[in-house]
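Keep in mind it's a predicted model, so treat the numbers as computed, not measured.
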Protein chains: 2
Amino acid sequence: MNHSKKYSSDCGLNKVQKMVGGKWKLSLLWYISEETRRFGEIKRVFPDITQSMLTKQLRELESDGLLHRKIYKEVPPRVEYSLTKLGQRFVPILHSMSEWGESNLE
Amino acid sequence: MNHSKKYSSDCGLNKVQKMVGGKWKLSLLWYISEETRRFGEIKRVFPDITQSMLTKQLRELESDGLLHRKIYKEVPPRVEYSLTKLGQRFVPILHSMSEWGESNLE
DNA sequence: GAACATACTATCAAAAATAATACTAATGTG
DNA sequence: CACATTAGTATTATTTTTGATAGTATGTTC
């Protein structure tokens with residue numbers, strides 16, 4: 001890795017930032033990491049996020065490979081979100097961030 | 001911590017997100033964690049960040065307690081940025097994010 | 001056959017983040 | 001006195017992110 005690339009937008013750090021930088025993404029990952037969650041469940045736990053925004057962020061997390069989205073062919077619809085392997089490998093980082101936040105900030 | 005607060009904007013995770021969520025902040029922290037850096041040095045290493053944005057982000061990191069800003073009473077001016085204790089405690093998280101990014105993303 | 005439930009989608013508006021550009025202050029040097 | 005140097009500020013765009021609101025599809029239940 002040359003010097004000009006070390007701090008560029010290609011570096012691991014910036015990729016991570018782009019993937020989980022959204023306003024709600026860390027919390028969503030955390031919540032889904034606890035167990036598989038249905039869309040409506042998530043919506044109820046995060047009442048401040050609008051439905052369209054929730055859909056958008058979940059889909060982005062999915063296309064970034066962090067979440068798996070399982071659609072049941074039922075009516076009314078049923079969609080479950082869970083962490084992928086990649087997402088699971090991110091969970092320890094979530095935990096250290098949370099802990100750092102809780103224990104260091106007022 | 002009650003359930004309504006667990007995923008609220010008060011939780012550690014969201015505080016962290018607000019503090020380091022800026023487009024350049026993770027990289028800036030990383031660069032400054034390596035050693036104390038002068039403003040102009042940072043500017044040269046991150047040519048894509050405008051000067052006003054750089055100032056803004058560094059000041060935010062300072063007021064969030066992650067960076068220390070040392071002003072030398074000289075002309076031309078000399079300002080050095082370094083990590084605070086709090087910032088230093090964040091460095092391991094930076095490393096794990098970087099590693100996760102490097103090793104898991106194409 | 002009307003209402004219900006769920007997970008959406010589509011538009012448009014508002015707010016927040018970032019960028020572009022130009023300007024400033026102060027002093028040592030030639 | 002003009003000029004270079006450094007770390008800024010100020011102002012105005014532009015872009016990106018987020019929010020508000022309304023509408024859709026469809027099998028099941030009443």
Integer-rounded Å distance: C/dA17 C1' and A/Gln17 CD: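 The answer, rounded to whole Å, is 11 Å.
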Between P of D/dT5 and NZ of B/Lys43, the distance in whole Å: 11 Å
Proximity to DNA chain D (any heavy atom under 4.0 Å), residues of residues 54-73 of chain A only: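 Listed by number, they are A/Lys56, A/Gln57.
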Heavy-atom protein contacts under 4.0 Å, nucleotides 21-30 of chain D, coded B base, S sugar-phosphate only, - none: B----BB---
Short side-chain N/O contact to C/dA7 OP1/OP2 from A/Arg38, under 4.0 Å: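 Yes, because at least one side-chain N or O of A/Arg38 sits under 4.0 Å from OP1 or OP2 of C/dA7.
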Short side-chain N/O contact from B/Lys23 to OP1 or OP2 of C/dA19, under 4.0 Å: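 So the side chain of B/Lys23 is within the cut-off, an N or O lying under 4.0 Å from OP1 or OP2 of C/dA19.
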Closest contact, heavy atoms only, B/Ser33 versus B/Val91: CB-CG2, 3.8 Å
Nearest heavy-atom neighbours spanning B/Glu41 and B/Thr36: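 Shortest heavy-atom separation between B/Glu41 and B/Thr36 comes out as OE1-O, 4.3 Å.
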Atom CD of A/Gln88 with >12 non-hydrogen neighbours under 6.0 angstrom: yes
Side chains of [X] and [Y]: does their closest heavy-atom pair fall under 4.5 Å?
| X | Y | value |
| --- | --- | --- |
| B/Trp30 | B/His95 | yes |
| A/Asn14 | A/Cys11 | yes |
| A/Ile42 | A/Ile32 | yes |
| B/Phe90 | A/Asn104 | no |
| A/Gln57 | A/Phe46 | no |
| A/Val20 | A/Leu94 | no |
| B/Gln17 | A/Met97 | no |

Report, one pair per line, the protein and nucleotides 13-15 of chain C atoms (nitrogen or oxygen only) whose separation is under 3.5 Å.
none

Test: B/Arg37 and B/Glu35 ion pair at under 4.0 Å: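 Salt bridge between B/Arg37 and B/Glu35, a charged N being under 4.0 Å from a carboxylate O: yes.
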Salt bridge (Lys or Arg N to Asp or Glu O under 4.0 Å) partners for A/Arg59, two or more places apart: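 A/Arg59 satisfies salt bridge (Lys or Arg N to Asp or Glu O under 4.0 Å) with no residue once adjacent residues are dropped.
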Strand DNA chain D in bracket notation, Watson-Crick/G-U under 3.5 Å with | for pairs to another chain: ||||||||||||||||||||||||||||||
Would you tabulate the side-chain donor-acceptor contacts of residues 73-87 of chain B under 3.5 Å, counting partners in other chains and residues two or more places apart, or write 'none'?
{"residue": "B/Arg78", "atom": "NH2", "partner": "B/Glu80", "partner atom": "OE2", "Å": "3.0"}
{"residue": "B/Glu80", "atom": "OE1", "partner": "B/Tyr72", "partner atom": "OH", "Å": "3.0"}
{"residue": "B/Tyr81", "atom": "OH", "partner": "B/Arg69", "partner atom": "NE", "Å": "3.2"}
{"residue": "B/Thr84", "atom": "OG1", "partner": "B/Gly65", "partner atom": "O", "Å": "2.5"}
{"residue": "B/Thr84", "atom": "OG1", "partner": "B/Leu66", "partner atom": "O", "Å": "3.1"}
{"residue": "B/Thr84", "atom": "OG1", "partner": "B/Leu86", "partner atom": "N", "Å": "3.4"}
{"residue": "B/Thr84", "atom": "OG1", "partner": "B/Gly87", "partner atom": "N", "Å": "3.1"}

